[in-house]
There are 2 protein chains.
Amino acid sequence: MSNTQAAESRPYHHGDLRRALIDAATRLLETEGPSALSLRAVAREAGVSPAAPYHHFKDKSELLDAVAAEGWTMLDNAIAKARAEAANPAEALDEIGVAYVCFARQNPAIYRVMYDTARDKEDFPVEVDGGGDSAYCKVRDTFIDAGANPNDLQELELATTAAWCSAHGLAEMANFKQFEHLKAALGGEVEFFRAVFKRLGLAGHLR
Amino acid sequence: MSNTQAAESRPYHHGDLRRALIDAATRLLETEGPSALSLRAVAREAGVSPAAPYHHFKDKSELLDAVAAEGWTMLDNAIAKARAEAANPAEALDEIGVAYVCFARQNPAIYRVMYDTARDKEDFPVEVDGGGDSAYCKVRDTFIDAGANPNDLQELELATTAAWCSAHGLAEMANFKQFEHLKAALGGEVEFFRAVFKRLGLAGHLR
DNA sequence: AGGGCGATCTTGGCGCCGTAAAGATATCTT
DNA sequence: AAGATATCTTTACGGCGCCAAGATCGCCCT
């Protein structure tokens with residue numbers, strides 16, 4: 001009753017601690033950085049004992065998995081938005097790339113957790129094939145919209161992978177101060193992203 | 001005298017512990033992975049007390065810096081070799097990319113440390129501008145060899161950055177098992193790398 | 001040559017971490 | 001109402017990064 005925040009749903013006798021822990025972890029990640037994120041600190045932030053999280057997550061990495069999953073959802077949404085707002089499919093490819101890198105730059109800690117946990121499991125937590133609506137599939141379908149042959153699955157997958165690689169690579173390189181002057185020369189960070197994507201000509205190989 | 005390995009040079013009264021610690025850390029990284037690398041474990045592996053490393057490195061991150069620095073040197077060498085062995089400049093660009101990703105795949109733990117420490121400092125530990133002979137500058141100069149205008153510095157830097165981004169992105173994506181079947185369909189991992197680089201057309205924008 | 005000195009290494013200790021086990025407490029079921 | 005069950009706390013263990021104090025050893029200077 002005298003909880004800090006009486007929240008929406010409480011399927012158990014106490015508040016929704018699982019939710020609170022994910023939020024606390026996200027908050028700590030953003031404010032203190034990934035190195036400062038300990039399970040004990042998350043519990044402290046959520047106002048519970050150090051062992052409480054173990055009733056909702058098998059271990060620390062499972063909590064991080066949950067944080068990463070929310071990150072992938074956020075990225076999905078950002079990509080869907082960029083695709084929907086683009087004037088045409090070719091422009092959509094560039095805008096998706098820009099949205100991707102902007103997401104990574106605005107949520108660096110979450111983005112890092114997303115790829116760290118993925119790397120540990122050697123598992124890209126995004127649907128890659130079939131008719132799913134994951135971010136990856138959205139990019140692939142945008143290539144089709146832009147004129148790629150929908151039957152050449154290999155070429156399609158190659159194009160999507162190449163685009164994803166450059167976006168991810170750019171997202172990581174954008175952190176380095178060595179590229180500040182290039183961003184400035186181009187009139188801003190987003191223009192820098194755009195220039196790199198243009199240089200790579202993502203849609204350029206379509207016939 | 002009864003040391004495990006009496007080594008080449010000993011500038012101090014004992015063995016070259018600094019060297020031994022870097023080697024031990026590298027060995028542990030490769031065999032146990034980055035998460036298992038503690039300063040105490042490195043000391044154990046090197047056969048010294050847990051506090052001994054502090055006479056050679058300010059803290060753990062400084063040891064990792066040293067490991068990363070050796071990694072960058074190895075990467076430099078791999079790139080120089082690829083460039084030297086290529087038949088012509090255009091091919092050199094692709095071969096450098098393949099060599100980059102192969103290095104990352106063959107030394108995943110070191111590669112990870114290289115970028116982790118760089119990210120923490122927001123500092124790309126590779127000479128980016130001027131006439132240096134860093135790996136980055138080698139790539140840039142290869143673009144000039146391939147016909148890029150050496151006076152359009154901005155375009156040159158953009159091309160180099162774009163190429164580096166795709167190589168780094170591909171190096172990270174290549175870990176994910178989702179792309180196994182694509183590698184198999186293309187006849188091997190290296191062919192996969194080649195196909196992605198070809199798809200991106202690194203040298204394609206040269207006039 | 002030998003005595004001091006500084007660099008190198010060890011010991012012991014602090015507070016933090018992840019996590020397991022066992023006890024307390026509140027809710028749900030019957 | 002009572003027992004079962006899920007949730008949370010307490011306590012504890014070993015490992016971690018790091019610090020400070022002490023021991024040890026090579027080196028230099030006279």
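These numbers come from a predicted model, not from an experiment. Each chain gets a letter, A, B and so on, in the order the sequences are listed, and its residues count up from 1. What you see below is based on every heavy atom in this structure, not just the backbone, and it leaves out hydrogens, waters and symmetry mates.
- Atom CD of residue Glu70(B) and atom CG of residue Asp65(B) lie 12.0 Å apart, to the nearest 0.5 angstrom.
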Output one line per pair: protein atom, nucleotide atom from nucleotides 20-22 of chain D, and distance, for all N/O pairs under 3.5 Å.
none

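- Leu17(A) places its CG atom 10 Å from the P atom of dT7(D), with the value rounded to the nearest Å.
- As rounded to whole Å, 16 Å separates atom P of dC16(C) from atom CG of Leu37(A).
- For the pair Tyr54(A) OH and dT11(D) C1', the computed distance is 15 Å after rounding to whole Å.
- The distance between the ring centers of Phe124(B) and Trp72(B) falls below 6.0 angstrom.
- Annotation: Phe193(A) is not in aromatic contact with Phe197(A) [ring centroid separation under 6.0 Å not met].
- Ring geometry, Trp164(B) versus Tyr136(B): the interplanar angle falls from 30° to 60°, so the pair is classed tilted.
- No side-chain heavy atom of Lys198(B) sits less than 4.5 Å from a side-chain heavy atom of Leu158(A).
- Counted within 6.0 Å of CD on Glu122(B), heavy atoms from surrounding residues, nucleotides or ligands total 12 or fewer; the atom is thus considered open.
- A distance of 11.5 Å separates CD1 in Ile110(B) from CG in Leu64(B), rounded to the nearest 0.5 Å.
- Taking atom CZ of residue Phe57(A) and atom P of nucleotide dT19(C), one finds them 13 Å apart after rounding to whole Å.
- Taken residue by residue, residues 59-69 of chain A places heavy atoms nearer than 4.0 Å to DNA chain C at Asp59(A), Lys60(A).
- Using a 4.5 Å heavy-atom threshold, the side chains of Asn107(A) and Glu30(A) count as touching.
- Within a heavy-atom distance below 4.0 Å of DNA chain C, no residue of residues 20-28 of chain B is found.
- The C1' atoms of five pairs define one axis at each end of the helix from dA1(C)-dT30(D) to dT30(C)-dA1(D), and these two axes lie 0° apart (to 10°).
- Taking the side-chain contact (heavy atoms from CB on, under 4.5 Å) definition, one finds that Glu172(A) meets it with His168(A), Arg119(B), His168(B), Glu172(B), sequence neighbours left out.
- Of the residues in residues 39-50 of chain B, those with a non-hydrogen atom less than 4.0 angstrom from any atom of DNA chain D are Leu39(B), Arg40(B), Arg44(B).
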